[in-house]
Amino acid sequence: MVQYRDQLMPLVQMEGVSVQTSGSQPILVFADDGRSMGLVVDEIIDIVEERLNIEVAGSRDGILGSAVIKGQATEVIDVGHFLPMAFADWFSRKEMRPSVTAQSVLLVDDSAFFRNMLAPVLKAAGYRVRVAPTRRKAWWRCARAELRCGADRYRNARHERVSSSPRPSGPMRIWLDADHRAVLDGCRRRDRARPARRLPRLRRQVRPSRPDRGAEGTDRRTQPGGVRKQGMTNITSKNENIEGAVSEYVTAMIGGQLFGLPISRYRTCSCRSG
Amino acid sequence: MPERLTRVPLSSSEIAGVLNLRGRIVTVVDMRARLGLPKNDDGKPPMAVGVDLRGESYGLLIDQIGEVLKLADDGREENPVNLDPRMAKLAGGVHRLDGQLMVVLDVDRVLEIVPKTSLAA
């Protein structure tokens, strides 16, 4: 526990991180709904905004998988794993609020990774979530929950969205997986007039404000052949398929002479300064 | 001089100072001074290119940034004999582009002037 802005904040540490007994310790703070949790880390390196593409699934609890961030293979932490360690009811607290319109959702996905990731998101959004790994198990869950989930409506789980018959507490939506984008797609088959509901974004992380708003990072690098409107004359170079070994250079004008900085040897990014 | 650049007293004239670059404090090398060129007097703020070397981040102050080019390694030629000697020390060859000569900058040699104990530490 530690005091953070006039409140007590529980600290959670990942395995392998040792809490120092003196000096300063970097902590990532996650806050929601008036409560904060601190995740203890060894070192805070950088804050990046990038498209996340998790390529390799994680093997440990608390790790979503691996992705390439800023050119380096990085393990992506599943914050949702650690949040309940601080407050056991982090995700379910909203559920406890009596809600007349709380709807039930059956999430069907053969990937455990996505079931575990999406179920808390849906719960936090106020739905009552049931999960099932396969079509058949989903069907049985429907049957057990005494829903009339007609087998005739329950077609190919990969591409369709099926709605059950209406119940007093509201119709149950069944979101089926088709490369995890169909889960967000919300048109009911019977009710096409209703607009699609998008899943609320997971908004749990608290990030300190970026210190250098004027920066352009490597993700905004122009493609070879494109022209940056910097007042430089268009450099025509042979950018078509080049045989043999090639190197990439960031070109810069210094004192009227064009220089090239090899990228592969160094990580370069261009930023405005001032 | 850019506003966010913080000068470091008693450093050599080639070190422009330290800069906050995307959350990291980096030592900034003034490339004009490093190449022995006079200061830029057209009033435009310089650009900084971030470079990582040996785990440390640096910034290189340049006039203008250009595009990213992919060039064949066998197109790289030795420094021409009439290349300015101050540039020749930092050049790692040249590439001939249409109508222009591109000098390959040897960043290792550029950053040799930075003392081993980094200023930004």
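Chain letters run A, B, ... following the sequence lines, proteins first and then strands; every chain starts at 1. These figures come from a predicted structure and were not determined experimentally.
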Flag, side chain of A/Gln257 to backbone of B/Leu101, donor-acceptor distance under 3.5 Å: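 A pair under 3.5 Å: yes.
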Test log, rule side chain to side chain contact (heavy atoms under 4.5 Å, CB included), inputs B/Met87 and A/Phe259: CA-CA 10 Å; B/Met87 280 196 207; A/Phe259 287 87; 3.6 Å; yes
In the structure I gave you, are the side-chain heavy atoms of [X] and [Y] within less than 4.5 Å of one another anywhere?
X: B/Asp73; Y: A/Val246; result: no
X: A/Thr251; Y: B/Val68; result: no
X: A/Leu258; Y: B/Val103; result: no
X: B/Glu67; Y: A/Tyr249; result: no
X: A/Ile254; Y: B/Leu60; result: no
X: A/Pro262; Y: B/Val104; result: yes

Heavy-atom closest pair, residues B/Ile62 and A/Ala252: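 The answer is CD1-CB, 3.3 Å.
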Residue pairs, two or more places apart or on separate chains, that pass salt bridge (Lys or Arg N to Asp or Glu O under 4.0 Å) and touch residues 11-21 of chain B: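 Sorted result for residues 11-21 of chain B: B/Glu14-B/Arg34.
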Non-neighbouring partners of A/Asp46 that pass side-chain hydrogen bond (donor to acceptor under 3.5 Å, both in side chains), sequence neighbours left out: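 Expected list: A/Lys70.
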Residue B/Leu35 versus chain A: region with a heavy atom under 4.5 Å: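 The side chain, not the backbone.
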Option from B/Leu105, B/Ile65, B/Val110 for which side-chain contact (heavy atoms from CB on, under 4.5 Å) with A/Leu261 holds: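 Of the listed residues B/Leu105, B/Ile65, B/Val110, the side-chain contact (heavy atoms from CB on, under 4.5 Å) partner of A/Leu261 is B/Leu105.
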